[in-house]
Amino acid sequence: MKIRNRIENLLVEMKKCGMDGLFLMREANVRYISGFTDSDSYVLITEKGNFFITDGRYTEQAEKQCPDYKVIKWGKPVGTLGDTVNNIAKDLGLKSIGFEKDKMTYALYEDFKAKLEAVELVPTLGLVEKLRYVKDEEEISNIREACRIADVAFERILDFIKPGISESEVALELEYCMRKEGASSVGFDTILISGSKTSLLHGKPDNKIIEDGDLIILDYGALYNGYISDMTRTIGIGHLDDKKVEIYNLVKKAQQQGLETVKAGECGKTVDDKIRSVIKDYEDYYYAGIGHGVGRELHEEPFLGKYCNRILQENCVITVEPGIYIPGWGGVRIEDTIVVKKDGYERLTNSTKELIILK
Ligand SMILES: [Mn+2]
């Protein structure tokens, strides 16, 4: 979708809230609404024009990337951000300006409060996020590519993993594979943990050595063109005991049945209910957050879990990632990134979910 269309859609939302300006600072929102690909920048959206506010490091880049905006350089000698926004507000005669209340800092709010005397500051929540909830074709194709990169990296890393090598070495190689395949960076800090550490949902790779009998959780993703993929696979090394195989197959079944409940019109709770019914003997070891939207941010709406009632819509991109985590023993998680469709879903991460046991 063109940037101009996104701005127009946002203006509609702003009108509903009765504000004539909207100041944005959440990086994912700034990028979405402007096309800018870097950080430390702000936008002010109004019916009378759109302003991209950044410092001297980024003005040239912004002029190129944001043709729908007037680029404004802030900082000395003009003054603070509040001064800069106030100058625009005075020129345009703005009466009220919205801001992201979950992102605005107290210090910046104080600055705005002091400088924007004639303007009402209106706290807002999720206006741009509402537009980002359903992905357009271009966004989906970026996520699809990020998922393809993760799939290729998974295939390659299987040749690299062997007993005696550390988690950190494997994580580094995995990240290298993604960069080599076209990722601009990792989508988030790689979770690559083994043995009893696998009960830590977000454990960090370290110098722990991968040993015979270990399960390994690989939860990682690529960043491509500003969009993230998110996939988890659990694999085994050498001789796995029966309980590990049993729990693996249970999680695999739960994830598959969870996926099959996904379609437009359902909500995150439905998926959770289904998964819970499959893993019921292990419910004490289950973590209720079993999925989330993914796009410009790793975790965004809609979320999937027991208390998640937001309706899944066609072309929402989400993850489904149930797991069983037994403290001191270990855990299993399986996760795919998928697109919600009218009658089901399309899987974007396509790596196998058959239990892989490396020798
Ligand atoms: Mn995830």
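In listed order, ligands and their atoms are each counted from 1.
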Using the side chain to side chain contact (heavy atoms under 4.5 Å, CB included) rule, take Ile7 and Ile33 through it: C-alpha gap first, then chi angles, then the decisive distance, then the call. CA-CA 6 Å; Ile7 294 171; Ile33 208 71; 4.1 Å; yes
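Using a cut-off of 2.8 Å, one finds that Asp219 contributes no N/O/S atom close to the Mn ion (ligand 1). Residue His292 counts as close to the Mn ion (ligand 1), with an N, O or S atom under 2.8 Å.
Side chain of Lys244 to main chain of Gly213: a donor-acceptor pair is present (N/O by atom type, distance under 3.5 Å, no hydrogens or angles). Put simply, the side chain of Thr337 gets close to the backbone of Asp230: a donor and an acceptor are under 3.5 Å apart. A donor-acceptor pair under 3.5 Å is formed between the side chain of Arg233 and the backbone N or O of Thr352.
Within Glu321, the N, O or S atom at minimum distance from the Mn ion (ligand 1) carries the name OE2. In terms of distance to the Mn ion (ligand 1), the nearest N, O or S atom of Glu335 is named OE2. Closest to the Mn ion (ligand 1) among the N, O or S atoms of Asp230 is OD2.
Arg179 has no carboxylate O lying under 4.0 Å from a charged side-chain N of Glu175, or vice versa, which leaves the two without a salt bridge.
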